[in-house]
Protein chains: 2
Amino acid sequence: MKVANVSQAPAVKLHVLKDACAQCSARELCLPLGLTDEELQRLDDLVGSRQKLKRGEHLYRYGDHFSAIYAIKVGFFKTDVITEDGRDHVTGFQMNGEILGMDGISGDSYTCNAIALEDSEVCVIPFADLEHLSTTVPTLQRHFHRVMSREIVRDHGIMMLLGTLRAEERLVAFLLNLSQRYAARGYSPTEFHLRATRDEIGSYLGLKLETVSRALSQLQDSGLILVQQKYIRITALDGLKKMLQHAQAC
Amino acid sequence: MKVANVSQAPAVKLHVLKDACAQCSARELCLPLGLTDEELQRLDDLVGSRQKLKRGEHLYRYGDHFSAIYAIKVGFFKTDVITEDGRDHVTGFQMNGEILGMDGISGDSYTCNAIALEDSEVCVIPFADLEHLSTTVPTLQRHFHRVMSREIVRDHGIMMLLGTLRAEERLVAFLLNLSQRYAARGYSPTEFHLRATRDEIGSYLGLKLETVSRALSQLQDSGLILVQQKYIRITALDGLKKMLQHAQAC
DNA sequence: CGCAGTTTTGATTCATCTCAATTTGTGTGG
DNA sequence: CCACACAAATTGAGATGAATCAAAACTGCG
């Protein structure tokens with residue numbers, strides 16, 4: 001069931017513009033980085049619509065026809081892939097200012113599911129338009145390439161994590177990554193709510209949910225963090241970082 | 001009438017053109033897919049040079065300034081990332097017709113090492129030129145985006161593998177992947193040489209080299225494959241595929 | 001031919017999974 | 001607003017798959 005809560009219409013453009021790219025709080029993290037006002041304006045025009053999603057709703061599903069990428073304005077998503085035999089694996093968590101849907105470019109259909117983990121809003125960026133516009137706005141083209149490349153680099157980091165770290169270390173890496181991303185958005189780097197369940201985190205980290213729970217308890221017992229369900233408070237950021245430095249060194 | 005008239009090309013170009021994109025055996029897999037002859041010619045001009053590497057040599061290293069991506073003409077590579085404390089992790093194996101270096105786009109320097117596992121040759125594609133050319137050749141732009149996207153999708157597959165499969169299943173997935181890629185290049189899908197050591201394969205799959213060796217032996221004992229050091233012969237392709245279907249189902 | 005690096009194989013240990021029971025939290029409807 | 005049902009999280013005990021440690025066999029190269 002695809003949600004089509006799409007704000008639309010040329011006639012309504014004016015008030016749409018009001019919270020469009022030019023003023024979006026995510027603009028430093030999203031596509032438009034470094035554009036001139038005029039270029040930004042053209043990007044505004046490009047972004048066809050906004051779309052709101054309630055918690056649990058799919059932004060797109062595996063196999064859906066690809067025609068757009070999405071910039072998250074507000075909210076939190078997960079992407080996962082599912083195999084024939086029903087196993088699934090979370091490939092990432094995305095937050096505001098990040099781009100979703102680039103997996104769909106290669107085969108004209110999405111290769112994973114994107115699901116909102118809280119009420120969210122995204123900008124719909126028709127991909128054909130983006131490609132077209134980027135032929136005349138070099139800055140945009142370059143930035144888009146960087147965004148895609150960053151996704152590749154990030155995935156390499158996760159592969160590394162999955163391939164070489166032990167359970168507790170994976171959790172630490174995960175928490176530090178969230179911390180850093182929240183910090184980049186002006187939120188507290190030491191205090192946040194996990195939007196994902198233990199099961200989803202486990203899937204992402206290649207662990208069972210019980211192992212995630214145990215690892216969190218261990219970190220709490222070590223005095224590094226404070227856990228209250230989904231609420232996390234990092235009480236020793238340096239301590240966490242040290243855990244990754246010395247990982248496996250011993 | 002595939003190749004642009006050679007007699008029109010500048011004198012120096014002649015010998016370069018001979019093994020350039022227009023006639024490269026990798027052209028279907030590389031960037032130029034679907035270009036017109038004239039566009040292909042312009043891509044030929046774009047590819048600044050070829051570069052040969054002996055086994056064990058680095059194509060680029062972590063931290064090197066990024067200015068080009070590379071199309072593998074012949075050979076076999078691995079990419080790996082290394083952490084401060086010395087652990088390393090193989091993030092991929094690349095063969096002819098595939099692109100290396102896209103990890104460098106995001107930060108203007110490469111984020112991993114690319115190392116030839118056999119004597120190899122690559123085409124150097126200056127990235128600024130590629131971006132520039134792709135503004136006037138939409139087919140090229142689109143194809144490049146597909147190539148990057150495919151890399152992302154592939155990485156998701158590996159994350160899935162690392163997160164959900166057991167040792168033997170990972171090996172099977174790895175062998176099937178190689179098989180399929182060799183098949184796509186017109187080589188035998190059931191008979192090939194591993195270019196990587198057990199240690200490198202293990203790093204890629206998140207396993208220790210002993211485990212890789214054991215898993216290979218097990219698969220051989222099951223009559224699915226034949227192993228002689230680096231030489232692999234798949235004797236029951238369907239059997240291997242079934243192993244992945246039923247993975248974890250039981 | 002011999003040496004170094006690679007691979008195979010075995011015995012043991014250890015981390016994570018699995019199974020299971022309990023607690024805590026959340027949302028719904030009376 | 002409370003009670004109930006259901007989902008999520010914690011914790012424990014035992015099973016298991018992969019890591020580790022160790023030794024032997026094989027390969028290729030000088």
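Keep in mind that the numbers below use all heavy atoms, side chains included, and drop hydrogens, waters and symmetry copies. The shown structure was predicted, so the numbers you read here are calculated from the model rather than taken from an experiment. So that the names make sense, note that chain A is the first sequence line, chain B the second, and so on, each numbered from 1.
Side chain of A:R170 to main chain of A:L162: a donor-acceptor pair is present (N/O by atom type, distance under 3.5 Å, no hydrogens or angles). A:R181 contributes no side-chain N or O that, together with a main-chain N or O of A:L176, makes up a donor-acceptor pair within less than 3.5 Å. Within the 3.5 Å criterion, the main-chain N or O of A:Q218 finds a donor-acceptor partner in the side chain of A:S222.
Distance OH (B:Y231) to P (D:dG28): 14 Å, rounded to an integer number of Å. Rounded to an integer number of Å, the gap from NZ of A:K208 to P of D:dG17 is 13 Å. Nucleotide D:dT10 holds its C1' atom 15 Å from the CG atom of A:L194, rounded to whole Å. Counting to the nearest Å, the P atom of D:dG12 and the CG atom of A:D221 are 10 Å from each other. Atom pair B:E118:CD and D:dG28:P shows a separation of 16 Å (rounding to whole Å applied). To the nearest angstrom, P of D:dG17 lies 18 Å from CG of A:L207. Summarising the geometry, the separation between CG on B:L165 and P on D:dG17 is reported as 15 Å, rounded to the nearest angstrom. In this structure, the CG atom of B:L162 is 16 Å from the C1' atom of D:dG17, given to the nearest Å.
Note on A:R195: nothing from the nucleic acid sits closer than 4.0 angstrom, heavy atoms only. The residue B:G206 sits close only to the backbone: its heavy atoms come under 4.0 Å of sugar-phosphate atoms, none of a base.
A salt bridge is absent between A:E57 and A:K54: the closest approach of a Lys/Arg side-chain nitrogen to an acidic carboxylate oxygen does not fall below 4.0 angstrom.
By the 6.0 Å contact criterion, OH on B:Y62 is open, its count of non-hydrogen atoms from other residues, nucleotides or ligands being 12 or less.
Taking the centre of each ring, A:F93 and A:Y204 come in below the 6.0 Å mark.
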Heavy-atom protein contacts under 4.0 Å, nucleotides 6-15 of chain C, coded B base, S sugar-phosphate only, - none: -SBBBB----
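When A:K52, A:R195, A:R55, A:K230 are each tested for a salt bridge (charged side-chain N to carboxylate O under 4.0 Å, His left out) with A:E118, only one passes: A:R195.
For A:T79, the side chain to side chain contact (heavy atoms under 4.5 Å, CB included) partners are A:Y60, A:T91, A:Q94, A:L100, A:C112, A:A114, not counting sequence neighbours.
When the C1' atoms of four end pairs are superposed on the next four at each end of the helix from C:dC1-D:dG30 to C:dG30-D:dC1, using five pairs per end, the two resulting axes differ in direction by 40°, to 10°.
To the nearest 0.5 angstrom, B:R166 atom CZ is 12.0 Å from B:L171 atom CG.
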